[in-house]
Each structure stands twice: as C-alpha cells, then as structure tokens.
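Values below: all heavy atoms of this structure, side chains included; hydrogens, waters and symmetry mates excluded.
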Amino acid sequence: MGKRAGVVWDDTLLGYDMGADHPLNPVRLDLTMGLARALGVLEGVEPLRPAPATEQEVLRVHSPEYIAAVKAAPESPLEVGHGLGTPDNPVFAGMHEASSLVLGSSLTAAELLLAGETDRVVNIGGGLHHAMRDHAAGFCVYNDCVAAIDRLLDRGVERVAYIDTDVHHGDGVQVAFYDDPRVLTISLHQHPATLWPGTGYARELGTGDAYGTSVNVPLPPGTTDEHWLRAFHAVVPSLLRAFRPQVLVTQCGVDTHRDDPLAHLGLTVDGHRAIYMALRELSIEHGGRWLALGGGGYQLRRVVPRSWTHLLATALDRDIPVKTELPGDWGQRLGVPDMTDGGGTSFLPWSGGGGDPVDMAVLGTRRAVFPLHGLDPDDPRD
C-alpha cells in the first residue's frame, strides 16, 4: 500500500456510554486501543481526532423532530418517544453531544479518504447501523454509517459498496439507500427469523432504479468460520465486480463470535481476521479506498479487543500472526493468552449446490440478486 492507513480515535468517543450494565460498554473500545498500542500496531500512527458533527450534518441523516427529542431526552427521559428511554436505547446525559461525535468521527474518516491522504481509514467508534431517520434502535442513536456514505456521494463518489458483517442485519443503512442505485448494501447476518431486528431476508432487494442493490445473506444459527467465509466468497466478490464500487465502506461488528452473549453464530477471532483480510483484498481490487467502521460485539474482554486489533493491523498492513502472545499483563486482563481462538479459516468454495443450510442461504441470495446484475446464480464461476 502506497499510503499509510488513517485511524480516527479520541478518548472522548468513550462518552457514548449507555451505562455500566448496558451491552454496548465503551470499555471494549478502550481495551482495543490499549491492546493495539501494546502490540505495536499503532506505532508511528497518530490517530486523527474526530470533530463533532454539526447540526446541519446530523440533519442530513435524521429528522428535526428526532434530533430535538435526543437533545431533550436527558431532561425528560420518560416522555420523549422516538425509541429513546427503552432498555436497548436508554437515555444518558450528553446523549446528543456523544452521538454527534460518533457521527462526526465517521465523517472525519470519510473526509480523510476524500482528501487522498490515505487509502484506508479505520474508525472503531463508528458502525451504529440500526439508527433510523426518526428513531433510535439497537443501541444506535445517530447513524454514522449513513452519514459517511452520504458524504462520499456528496463529494463526487459515484458508487459506494457497503458491506455489513455484524451478526444483526444492517437495517438502518439498507433503509436509507433502498431507493438509491449509487449504493450497494450487502449484509451477512444471523437469519432474521431467529434474531432482532427481524429484517434482512434475501427478498429485500431495493426499489425503483435501485432494485437489486440491496443484498442480504441470512445465515442459520451456529454458522462457523468456514461456512461464513464460504457464503461471503460465494456472494460478495461477484457482486462487487458487477457493481464496480469506487469506495468500500464496511461495518465490522464482531457479535458473530461464538461467545457473544446476544446472538448465536459460531465465528472465532481467527474468522474475523480472515474477514478483514478478504475485505482488504477486495478494496485493493476496486481501487484501494476502504473505510472500516466498528459496530456490535458484546464479549467485551475476550473478543472485541483482539478482533478489532486484528482489524487495525490488517488496515495498516501490520498483520498479526494468530499465535502472537498477548504482551505484559494483557493475558490476565482479557482472560486469554494470545491472538487466536484456534478457529479454522480454510473453506471449500461454494460449488453450486444447496444441500447444506448455509449453501441453501447462499443459493437463495444468489437466485434473488445475481440475475439483476447479469450473473448466473447457479454457476459457481459467477
């Protein structure tokens, strides 16, 4: 890579804090940055401090009424509506300011790409993909993913591919661009019949001129690294070649892990590392520009810090061998000795069949979407 990757981070992003008992605990971000520094991943890299989004920037993504409710919520949390004040989306002091900073952090990342200073940017504080135009959802108040893609389009990027590897369907981003043919949204997630938010079926394809630009791969509970990677490679590379994106924006939630308390897929940290390496290769194939965001992940110590340290390392071309031991007291702090779970990441490519439950999901998605891009859904060469 010719240009060093950028990292957007500041400790003020830890202010997006829904409480000590809430699954989205900012300690996972703090531990990630600490571990990445301890392993030398960030040596010589000065993270870029994000600027909070302005009111106008938030208004590009969210309704005025909703923004007013977010601002008012800390003073009147019981009556505010808009999905706020629920167990998933509790009200907290400074919520508008903290959410604006998260949204601003992904705008900062997008600007870094647009300026040509770097080809890759990582913002682990972003990835709040469930927030809708007029309400909070799934721990997400403002949708920074939508804001970043919107900024790229505003500034002349003609085609953006958004790839969501979180265990939950990337519904907020799909809804925002459901009628926009400039954005290809691809979400691989646990089957919506078995997990919130209950959307993300293969039949959700977009509308109007954007018909075919919404892609969903609903995976059965228990899907392992090898099967997840087979599904990914059976769907994503072909669609990207047909769509020809100029920028890849990826939401890299790690709640697909087998130990995640909120979902039921079977991936490992090793599988996550393989996903990031695949995304890096795809970004190189399509011109090099890659904006990687964080997202879900609720095994706060054993999983998230190691997985996202692998993400940072991959984007920076400082790949960490999987058997790397954790330095100093990090093994004690995280409860694991090294950077691997011993997961298997070699997989048999999809061969056109549909007997296995994952292969059936692949075939369902390919048959729904591939013909709309001039591809043969039954031919594994496409």
Separation between CG of Leu184 and CG of Leu240, rounded to the nearest 0.5 Å: 6.5 Å
Is a side-chain donor-acceptor pair under 3.5 Å present for Thr207 with Asp179? no
Under 3.5 Å: donor-acceptor pair, side chain of Tyr211, backbone of Gly206: no
Smallest heavy-atom separation, Cys145 atom then Val173 atom, equals CB-CG2, 3.7 Å
Kindly give the heavy-atom pair with the smallest separation between Ala147 and Leu107, and that separation in Å. O-CD2, 3.4 Å
Separation between OG1 of Thr108 and CG of Leu113, rounded to the nearest 0.5 Å: 11.5 Å
Say whether Ile67 and Val102 are linked into one hydrophobic cluster, either directly or through other cluster members, by side-chain heavy-atom distances under 4.5 angstrom. yes
Under 3.5 Å donor-acceptor, Arg273 side chain and Ile320 backbone: yes
Distance in Å, Arg289 CZ paired with Leu248 CG, rounded so as to fall on 0.5 Å steps: 11.0 Å
Within the 4.5 Å heavy-atom criterion, are Trp196 and His130 side-chain neighbours or not? yes
Working note: Gln174 + Thr199, criterion side-chain contact (heavy atoms from CB on, under 4.5 Å); need CA distance, chi angles, decisive distance, verdict. CA-CA 10 Å; Gln174 175 177 295; Thr199 55; 5.6 Å; no
Verify same cluster id: Val175, Tyr66 (apolar side-chain graph, 4.5 Å): no
Between His96 and Tyr142, is any side-chain donor less than 3.5 angstrom from a side-chain acceptor? yes
Got a donor-acceptor contact below 3.5 angstrom from the Arg49 side chain to the Asp10 backbone? no
Enumerate, atom names and distances included, each donor-acceptor pair closer than 3.5 Å involving a side-chain atom of residues 356-373, sequence neighbours excluded.
from   : atom 1 : to     : atom 2 : distance (Å)
Asp356 : OD1    : Val358 : N      : 2.7
Asp356 : OD1    : Asp359 : N      : 3.4
Asp356 : OD2    : His227 : NE2    : 3.3
Asp359 : OD1    : Arg230 : NE     : 3.0
Asp359 : OD1    : Arg230 : NH2    : 3.4
Asp359 : OD2    : Arg230 : NH2    : 3.3
Thr365 : OG1    : Asn216 : O      : 2.7
Thr365 : OG1    : Ala361 : O      : 3.2
Arg366 : NE     : Pro377 : O      : 2.8
Arg366 : NH1    : Ala234 : O      : 2.7
Arg366 : NH1    : Asp382 : O      : 3.1
Arg366 : NH2    : Asp376 : O      : 3.2
Arg366 : NH2    : Pro377 : O      : 3.3
Arg366 : NH2    : Asp379 : O      : 2.8
Arg366 : NH2    : Asp382 : O      : 3.2
Arg367 : NE     : Asp378 : OD1    : 3.0
Arg367 : NH2    : Asp378 : OD1    : 2.8
His373 : NE2    : Gly212 : O      : 2.7

Value for NE2 (His272) from NE2 (His257), rounded to nearest 0.5 Å, stands at 6.0 Å
Evaluate the side-chain contact (heavy atoms from CB on, under 4.5 Å) criterion for residues Val249 and Leu293: first the C-alpha distance (whole Å), next the side-chain angles of each, then the deciding distance (0.1 Å), finally the verdict. CA-CA 8 Å; Val249 177; Leu293 304 170; 4.2 Å; yes
Return yes if some donor-acceptor pair links the side-chain N/O of His264 with the main-chain N/O of Gly222 below 3.5 Å, else return no. no
Taking Glu158's backbone N and O only, do any of them form a donor-acceptor pair with Gln246's side chain (distance below 3.5 Å, no angle check)? yes
Pair Phe232 and Phe347, ring centroids less than 6.0 Å apart: no
Name each donor-acceptor pair under 3.5 Å that joins a side chain in residues 30-48 to protein atoms two or more places apart or in another chain, with its distance.
from  : atom 1 : to    : atom 2 : distance (Å)
Thr32 : OG1    : Arg28 : O      : 2.7

I need the minimum non-hydrogen distance between Gln190 and Pro221, along with the two atoms involved. NE2-CG, 3.9 Å
Single-linkage hydrophobic cluster, 4.5 Å side-chain cutoff, Trp308 and Val336 together: yes
Checking Leu262, Thr256, Leu219 against Val167 for side-chain contact (heavy atoms from CB on, under 4.5 Å), the one that qualifies is Thr256
Is any side-chain heavy atom of Asp260 less than 4.5 Å from a side-chain heavy atom of Leu265? no
With rounding to the nearest 0.5 Å, note down the distance linking CD in Glu57 to NE2 in His62. 12.5 Å
What's the shortest heavy-atom distance between Asp88 and Met18, and which atoms? O-SD, 3.8 Å
Between the side chain of Asn143 and the main-chain N/O of Met132, is any donor-acceptor distance below 3.5 Å? no
Closest non-hydrogen atom pair between Tyr178 and Leu205, with its separation: OH-N, 3.2 Å
Donor-acceptor under 3.5 Å (Asp341 side chain, Val269 main chain): yes
Measuring from atom OG1 of Thr345 to atom CD of Glu226, what distance do you get when rounded to the nearest 0.5 angstrom? 7.5 Å
Main-chain N/O of Met95 paired with Tyr16 side-chain donor or acceptor, under 3.5 Å: no
Using the side chain to side chain contact (heavy atoms under 4.5 Å, CB included) criterion, which residues pair with Asn89? Sequence neighbours excluded. Thr86, Ala136
Salt bridge (charged side-chain N to carboxylate O under 4.0 Å, His left out) against Arg155, all qualifying residues, sequence neighbours excluded: Glu111
Out of curiosity, does Met277 fall in the hydrophobic cluster containing Ile284 (side-chain heavy atoms, cut-off under 4.5 Å, transitive links)? no
Between Thr250 (side chain only) and Cys252 (backbone N and O only), is there a donor and an acceptor less than 3.5 Å apart? no
Is there a side-chain contact between Ser307 and Tyr276, using heavy atoms and a 4.5 Å cut-off? yes
Heavy-atom check, side chain of Leu114 versus side chain of Val157, under 4.5 Å: yes
Looking at Pro181, is its backbone amide N or carbonyl O close enough to the side chain of Asp209 to form a donor-acceptor pair, meaning the two atoms are under 3.5 Å apart? no
Quiz question: by atom type and distance under 3.5 Å, do the side chains of Ser63 and Asp134 form a donor-acceptor pair? no
Arg182: salt bridge (charged side-chain N to carboxylate O under 4.0 Å, His left out) partners, not counting sequence neighbours: Asp180
Side chains of His169 and Asp171, donor plus acceptor under 3.5 Å: no
Same apolar cluster: Val254 and Leu195, side chain cutoff 4.5 Å: yes
Taking only residues two or more places apart in sequence or in another chain, which ones pass salt bridge (charged side-chain N to carboxylate O under 4.0 Å, His left out) with Glu97? none
Run the side-chain contact (heavy atoms from CB on, under 4.5 Å) check on Val122 and Thr314 step by step: do they pass? CA-CA 10 Å; Val122 183; Thr314 303; over 6 Å; no
